[in-house]
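See below for the structure under consideration.
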Amino acid sequence: MAPAKRRNVSSAKTAEQSAKTAKIDLTRKVESILKSRKHANDIFDILEFLQSDKEKDVVSAVNACSTLFCTLLERKELFVGKLPAEEEALSGGYSAEEKYRIFMRHRYHSCVEMLLEHLSSEVHGIKESALCGLMKFAAGEGQHPLEDLDWSEHYSFPRELIQALVDRLLSKTTDNSLLISRFQESLELEDVRYYVMSSIRENVGKVMDKNKGAVLPIYQNNVFALMSNISMPSQESELSNFMVKQEAKHEDWKAAKLNEHKRVFEKMWLGFLKYKLPSTMYKKVLVILHDSILPHMSKPTLMIDFLTAAYEVGGAISLLALNGLFVLIHQHNLDYPDFYKKLYNLLDPSVFHVKYRARFFHLANLFLSSSHLPVYLVAAFAKRLARLALTAPPTALLIVLPFIYNLIRRHPSCRVLIHKPSTEDEPLEDPYVMDEEDPVQCCALDSSLWEIKTLQKHYHPDVAKAALLINTPLSEQEDDLSEVLEITAYELMEKDLNKTQSKSIPLEFETATQLLKGGGGVLGQHFCLD
Amino acid sequence: KKREEEHNVRNLADKVRKTKASTEIKNNPFEVKINRKKFDILGRKTKHDVGLPGVSRSKAINKRKETLLKEYKQKNKSSKFIDRRFGEYDTKMAPEDKILQRFAMERQRVHDKKDVYNLNEEEELTHYGQSLAEMEKFNDIVNSDDESEEKGLLSAELTASHFGGGGGLLTKKTSGNQQEEEGSQRAKSRQELIEELIQKSKQEKRERQVQKEEAQELTEKLDQDWKNIQALMVKKTPKTEQANKQEEKPKLDEYDMMVRELGFEMKAQPSEKMKTPEELAREEREKLQKLEADRLRRMLGGEAGDSAQTQSHMSADDLNDGFILDKADKKTLAYQDGKWNIGDESEGDGDDEDAEEEEDGEEEDSEAEEGDGDDDDDEDEDDEGEEEGEEQEDSSGEEEDGHSDLDSEQESEDEEGKQENKETGAKPKKSLSKEEMKAQQEAAKAELPYTFTAPETFSDLKDLLHGHTPDNQRLIVARTQKCNHPSLGVGNKLKLQKLFGFLLEYIGELATRSPPELTAIDKLIPELYALCQMFPEAACKSLQSVLIDAGHSMEEILEVKGHAGFPALDMLIYLKVTALLFPTSDFRHPVTTPALLYISQALTRCPVRSLQDVTSGLVLCCLAVEYVSFSKRFVPELINFLAGTLHLAVKDKTSLGYTVVPPFRPSGKHSDLLVLSDSESCKGWSKKNLPLSATQRLDLKNDLDRDNHRLTCLSACLDLVKRCCLLYKDLTSFPHIFQPIKTLLSKHLSAQTLPEPLQEVHNEILEAISSAPVTHSPLVFERKKPIPLKLLTPKIVEVLDYGKKHGSTREEREKERLKHKYKKEFKGALREIRKDSRFLAREKLNEIMSSDAERKRKVKELLGSLATQEGEWKALKRKKKK
């Protein structure tokens, strides 16, 4: 028999045989299978290739499978409806035609199984091609459903397939972020996105419950990667790109409604955030929370619990939570008791050193821009920032100083911080209590900003100049913070380095004789050449 | 008619003017119009006091004729005459060029042959402008090279015959030969004469040639003879002469003596003028060049430089008498280190040798020359053996040691071989003292080349300095710098500027080697400083680029990872060098400000993860303190880092009464770096300086070593804290700045746990912190100067320059000026237009008149012809009648 012979030949093929011939072989087989049912048994060859351990073989096999089954789906040569078992099909009273279809359907199922297994393969190429193949099947199944559509509410969509796909993607052991980013293009399709979201929710619930809520870094990372890749449409009219077009009542389909999308999205996130997260994940979520999660939720206020919890954590996480909180307070009327007190206590030396410094100061500026704030509070903020400025790097100082000045400008009664003429001539100890947590009791208003006076002696000329401003009454115009928020030390350096020097460069007049001498010889006192 | 006349007159005048020279016109009182001035104004240059109206009018008319008239004539004409000659309308082209181009084009056009196979049709081959074809036809006149010899030789006959003039001469000559020729016919007169002449001249020439050859032979022979004797002369004759002179001397007149003495007597001599830096530099370079030349000569040694040596070795005082001084005297001839060495012979062997081995080499050279020229070669080949031999001499009390000049020259040729060579030379003789070794090294150093070309690339510099000792490297750089002083050549400035960059790069490379060659860097510092003083801009640029690169790479790493590693040793060195070359106390300085910023960035963003990191951090802190030691500027990062470093030494990290600032963490993996593993190790510890290389590599084998290192770091840190306390004690927030350190030192790092010397510092710091004033007067704004009242006295502006408008703003003046200019231009244009129209009217009139005249003439002609016709007709009629 020809196929058997060929199989022998193919199995006899050595490892050196190029994948190209295999590919040609495969395409030929696919053609022959599609041409006549006589060659149906060739499908086993293809499936065998699918299990090979060589990447190229697998990739070409996947391609062959996808063309084969997609055409079969189109030709409706796969059995539709409840699939009888294989043996049953042989014994049962099915016609030859039906038997063939059942056979093919079984092959199709085994192929899908294999592809799903490949999704957890170690080679990225295999994973990727498996993913693509599966998505093609999903599209094909959507178009030509394998289930009976006997009742009208049911819309044809390969939900099981998607569910299985998502389950595989959200691996507990391997980091699938690359594959997930590849998957993103399918997420552009509205219905796929919708069903993926619901699948994620189910999956997360299942897995985390099974794990009793303990932290699963890799799994959660995968989930986060997949979820953050979901880009929600902002308007109903944008919902136009579907993988499966429903013939009947398309408008009533859940996947075609923005509200449904939002609901699923919200459920998905809440389901994810319900469980304990690793702290890096916390930060990642908080970073994207305000602009890619909150706006797409149907009820953003549901995030309050999460955000307040994050705000309580302290440190960088609190700083990041501020952003989400701001959105809630600003747009959703969130009433947050002791918000400012907490904000005040957030200020510690590390705020000048964290990565999110610019964001923090931007938000702090927004929060403190209200003119209804009590003076003592503003003064407390100003004084605390000034005190902290004693430990800040110059880039932060260039933010903090105008920030303090802006506070004083907005609240003219705070001017006493830099101008207190009445109690002149009697020196006093700084009455400000740094360790006091309550801004009411920290006595900031009785103090003066001596720290800024100190910073007038700062080594960096720009900082020293900025600090000099308190010597004279401040101008009316507020300083624009946005310019300095993102400034880096390198930019600051460049400013000096690129300044074209018209005058001659001053030189050290003390003759240098040795490496370790000069400048008071501090280096020479503690170090020697060798 | 009158007009026409006038016109003719004008034309004539133009013609006259053209022919006449301009000076003639200017001198002609009828041509000149003098613009009389009303006032003579001192210091004002007048341009228009003399005008030449005639000239200018004719110029204007000519110009109009060329432009306006042509246009007028072209008016209403649709066709146009276009001159298609090349470049006819191109005013930019010089007429010569135009002609050349046209000629070339013409030739080209001619060159395009119609018939490819016709080789010789249009083009005629020429030589010196004469057709070759024609020349070939000429009878070949013999113009051999003899002709040139005949130049300047004018016999009477020749002139007579060639130039034909002076018939008298010719007749005279003929008359001389008259008797002979009387008989013969007169027919042969000219032709024959010439032939005769030629023959004669040829004969004369032959004779001359023979004479010349003879003379040449004679001189050659004489030369040969002279050469034979010359060798003898050089050595012997001067002596005899000398002797003669000496004999003669007493004969000198006493008067002469007196005169000479007077002549040599000291007079008030003009003091030597101060030398300019350029001169000094030139001298310096000349000196070095001379020394280099000397060195080169000696290096070439026997075979090549033999003859040269004999000559150049004579001193200025040499009388060229072959008189050879004995050894003791000869010392004055030698040099060392490029200076004439006036050694003290009376000194003993020991030290003297060191100083004078060079001279000995020199001596040997001269000795060799005296004895046998070939000896030198032998010396070259087996100097080692000779060395030994000399060594023996040495021990026997002679002032010679194993370091011949040639030897050392060889060494300088290949530095690698040098050391070995020396070693092998030294080994056999164990008696060589340490001093001698040193002396040898000295000698080797002294034998460095004296001039260097400035390196063009970094690798050039590396090659130049490769394998030299640090001292030598410094010397090399110094000499390079001297040889290429900017006042000595145009490109030198650039070269030296480049040199600075290369040196900087080299220093970085030295620092990155393992182990880092810091002594070499140390030696190069003065040179770097000197170069920097010369070229501040270049130095500033190169250091800036170093800083930019470092800053940029750190920024990139920070962006990717969020934290960075401590700068490597080369960067630390660069930062230190920056502080050495540029003032750190400036408020803003293009180099030091970014450098300090870099330090602060490193101190805030680089997490401390190892003892090396601690060491690097402390170096940076030291640098920061040095940077601000004079200006006492506040560096928050410095305090943070010092507090953090102290925090690393705190054992119990619970219940801290202070906050640590990033990059330090209150507790964690690397926060116990400075905690002693064994508290007993305090006792055996004594302070010693850390090597700078400890920032890169630490090999601490056991816990004790590690503890010692920790304690050293701690002591450095405490000392820096103390210095900071002193620096910042005047700052208003001093207590707040040092509050964390205070709590840390008093509560967590008590003095008892520290070794004794540190306890002292510890207490001093605490005292300094607590003694600072804590009370300050509240801030107030600076008092403003009271704003002065408005003054109502009129503002008086002194007018110094009449005639010019004052008091108006710049724009107004500008506007005024433009208005004035416009007016002037407008008037001028109007005048020109009027003149144009007048000219045109005149032309039209001329045209009309000429056409009228023509018409009249024609009418007259017609009438005339009619009249004659009539007359003829009448005459005919009359005839008929008759």
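In what follows, chains carry the letters A, B, and so on, assigned in the order in which the sequence lines appear, proteins first and then strands, with residues in each chain numbered from 1.
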- Message: Donor-acceptor pair, distance only, cut-off 3.5 Å: does the side chain of B:Ser733 make one with the backbone of A:Thr454?
- Response: no

- Could you note down all residue pairs passing salt bridge (Lys or Arg N to Asp or Glu O under 4.0 Å) where residues 388-398 of chain A supplies at least one of them, sequence neighbours left out? none

- Note on the structure: Of A:Gly524, A:Pro461, A:Ser448, the largest count of non-hydrogen pairs under 4.5 angstrom with chain B goes to A:Pro461

- Item | Heavy-atom check, side chain of A:Leu523 versus side chain of B:Val619, under 4.5 Å | yes

- Item | 4.5 Å side-chain heavy-atom contact, A:Tyr459 and B:Ser631 | no

- Message: Return the CD to CZ distance between A:Glu451 and B:Phe634, rounded to the nearest 0.5 Å.
- Response: 10.0 Å

- Is the shortest heavy-atom distance from the side chain of B:Asn689 to the side chain of A:Phe527 under 4.5 Å? no

- Item | Basic-acidic side-chain contact under 4.0 Å: B:Asp730, A:Lys457 | no

- Any donor-acceptor N/O pair, A:Glu494 side chain to B:Ile548 backbone, under 3.5 Å: no

- Note on the structure: One option among A:Arg387, A:His526, A:Lys495, A:Gln525 has the most heavy-atom pairs under 4.5 Å with chain B, and it is A:His526

- Distance col, row A:His458:NE2 vs B:Leu731:CG, nearest 0.5 angstrom, shows 11.0 Å

- Query: When heavy-atom pairs shorter than 4.5 Å are enumerated against chain B, which of A:Glu491, A:Gln456, A:His460 gives the highest number?
  - Reply: A:His460

- Item | Residue, of A:Asp462, A:Val354, A:Asp435, that accumulates the most heavy atom pairs under 4.5 Å with chain B | A:Asp462

- Would you mind reporting whether A:Leu390 and B:Pro636 have side-chain heavy atoms less than 4.5 Å apart? no

- Please examine the side chains of A:Pro394 and B:Leu597, heavy atoms only from C-beta on, and report whether any two atoms are closer than 4.5 Å. yes

- Query: With sequence neighbours left out, which residue pairs that include part of residues 528-561 of chain B fulfil the ring-ring contact (aromatic ring centres under 6.0 Å, His included) condition?
  - Reply: A:Tyr490-B:His552

- Task: Name the region of B:Leu603, side chain, backbone, both or neither, that has any atom closer than 4.5 Å to a heavy atom of chain A.
- Result: neither

